[in-house]
**Q** 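Before we start, here is the structure in question, set down as structure tokens.
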Amino acid sequence: MKGCTILQSEALAKYVLETSAYPREHEQLKELRKASFDKYEQRSVMNVPADEGQLLSMLLKVMNAKKTIEVGVFTGYSLLATALALPYNGKVIAIDPDREAYETGLPFIEKAGVAHKIQFIGSDATSAMKEFLNNGEEATFDFAFVDADKENYINYHELLLKLVKVGGIIAYDNTLWSGTVALADEDLSQEWKDRIGESRIFLRNLNAFLAKDSRIDLAHLSIGDGLALCRRLK
């Protein structure tokens, strides 16, 4: 296997970013992206790419979303994109046990003037979401974005279907996992198996689960590393 990319080539991915995404990227998103790379180097790919961030931003604006939840934050690129898209009185709950990574992006969030929209919770996601449910916040969220531990995506789905209102959207990131979800084991080199770990299996299970879930509408997009959009029906 020569490589694992969603688009046909790295050149095409570069073209999309440099032609359409980067020229419209908010200055603080640009600076956060650079700071993330400077500190985390290759791990900075844990943030969504600029074109995916812009898709999420447009979706939030079209929905007129006001209250959202983000499970998995890292340095906060998608979090900042969300906060910028929400109205002045909007709110995004950001859940991640890694406060250090979040604080890497925090100066850019503050500089963008949207820190007042964000409530960061340094916790595991399951405990935090159960606490919201216990506090009577069932069906109060317009939108959820999940970019966290892949083995728990299906567990998070059950909790988010309670937190997100009917008609709201739950978005799962990395659902194509560099294209490897479509490959048989024998098509993967040992190097790739070591690199991608078990997440490929967890994501294949998630994709099959979502396809059969009658509680949602589903649109599976080949943007970034794969994005599954689920609209709650009931």
Side-chain angles (χ1 to χ4, degrees), residues 1-63 65 68 70 72-86 92 94 96 101-115 117-118 143 145-148 150 169 171-183 191-192 195-196 199-200 203 207 219-229:
M1 186 177 64
K2 294 181 180 179
C4 287
T5 58
I6 302 304
L7 295 178
Q8 286 183 343
S9 66
E10 292 292 343
L12 183 55
K14 182 179 179 182
Y15 172 84
V16 170
L17 291 171
E18 293 185 353
T19 302
S20 304
Y22 290 158
R24 290 178 171 266
E25 187 178 30
H26 191 282
E27 187 60 32
Q28 296 313 312
L29 284 170
K30 197 182 301 289
E31 292 188 16
L32 191 155
R33 178 164 53 84
K34 181 179 183 303
S36 299
F37 181 80
D38 289 346
K39 181 170 183 177
Y40 292 99
E41 297 182 342
Q42 292 305 313
R43 285 186 62 208
S44 66
V45 299
M46 291 169 61
N47 279 322
V48 301
D51 56 338
E52 185 178 345
Q54 288 165 359
L55 172 66
L56 295 173
S57 175
M58 183 175 291
L59 182 60
L60 290 163
K61 291 174 182 176
V62 169
M63 293 174 62
T68 76
E70 182 157 331
V73 175
F74 190 46
T75 59
Y77 189 97
S78 56
L79 178 62
L80 177 53
T82 296
L84 286 166
L86 295 179
V92 52
D96 198 306
Y102 165 69
E103 289 180 348
T104 299
L106 184 56
F108 308 104
I109 291 171
E110 292 173 338
K111 193 172 180 181
V114 294
K117 301 180 187 179
I118 296 170
F143 181 85
F145 181 69
V146 184
D147 185 3
K150 314 312 176 195
I169 299 289
Y172 295 100
D173 197 34
N174 304 122
T175 49
L176 297 179
W177 209 237
S178 297
T180 60
V181 291
L183 299 176
E191 177 186 355
W192 267 99
R195 177 177 172 182
I196 64 180
S199 292
R200 167 176 163 269
L203 291 165
N207 294 335
H220 200 173
L221 309 179
S222 53
I223 190 170
D225 199 20
L227 181 68
L229 298 177

**Q** Between atom CG of Leu56 and atom CG of Asp173, what is the distance when rounded to the nearest 0.5 Å?
**A** 8.0 Å
**Q** Out of curiosity, Met46 CE to Ser78 OG, how far, rounded to the nearest 0.5 Å?
**A**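 So the CE of Met46 and the OG of Ser78 are separated by 11.0 Å.
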**Q** Less than 4.5 Å apart, any side-chain heavy atom of Tyr77 and any of Ser36?
**A**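 No, their side chains stay 4.5 Å or more apart.
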**Q** Looking at Ala115 and Glu110, what are the two nearest heavy atoms and their distance?
**A** CB-CG, 4.0 Å
**Q** What's the separation between atom CZ in Phe74 and atom OG1 in Thr104, rounded to the nearest 0.5 Å?
**A**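 OG1 of Thr104 is found 7.5 Å from CZ of Phe74.
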**Q** Under the 3.5 angstrom rule, does the side chain of Lys150 hit a backbone N or O of Arg200 as a donor-acceptor pair?
**A** no
**Q** What do you reckon, is NZ of Lys30 surrounded by more than 12 foreign heavy atoms closer than 6.0 Å?
**A** yes
**Q** At their closest point, which heavy atom of Asp225 faces which heavy atom of Glu52, and how far apart are they?
**A** N-OE1, 4.3 Å
**Q** If I compare all heavy atoms of Phe145 with all of Asp147, which pair ends up nearest, and what's the gap?
**A** CE2-CB, 3.8 Å
**Q** Atom CZ of Arg24 and atom CG of Leu29: how far apart are they, to the nearest 0.5 Å?
**A** 14.0 Å
**Q** Please check if the number of heavy atoms outside Lys111 that lie under 6.0 Å from its NZ is greater than 12.
**A** no
**Q** State the OH-CD1 distance between Tyr102 and Ile109, to the nearest 0.5 angstrom.
**A** 5.0 Å
**Q** Measuring only between side-chain heavy atoms, which start at C-beta, is Phe143 closer than 4.5 Å to Leu86?
**A** no
**Q** Is Gln54 close to Glu25 at the side-chain level, that is, under 4.5 Å between some pair of heavy atoms?
**A** yes
**Q** Which pair of non-hydrogen atoms, one from Thr175 and one from Val181, has the smallest distance, and what is that distance?
**A** O-CG1, 3.8 Å
**Q** Compare all side-chain heavy atoms of Thr82 with those of Leu60 and state whether any distance is below 4.5 angstrom.
**A** yes
**Q** Going by heavy atoms in the side chains, are Tyr40 and Asn47 under 4.5 Å from each other?
**A** no
**Q** Would you give the length of the straight line joining atom CG of Leu221 to atom CG of Leu229, rounded to the nearest 0.5 angstrom?
**A**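 One finds 5.0 Å between CG of Leu221 and CG of Leu229.
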**Q** Looking only at heavy atoms, which two atoms of Ala148 and Gly72 are closest? And how far apart?
**A**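 Heavy-atom minimum between the residues: CB-CA, 4.1 Å.
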**Q** Can any side-chain N or O of Ser44 pair as donor or acceptor with the backbone N or O of Glu41 at less than 3.5 Å?
**A** yes
**Q** Any side-chain heavy atom of Ser222 sitting closer than 4.5 Å to one from Leu176?
**A** yes
**Q** Could you tell me whether the side chain of Val48 reaches within less than 4.5 Å of the side chain of Leu227, counting heavy atoms only?
**A** no
**Q** Tell me the closest heavy-atom pair linking Ala50 and Ala21, and the distance in Å.
**A**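 Nearest pair, atom of Ala50 first, then Ala21: CB-CB, 3.9 Å.
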**Q** Which of these passes side chain to side chain contact (heavy atoms under 4.5 Å, CB included) with His26: Leu84, Leu32, Leu80?
**A** Leu84
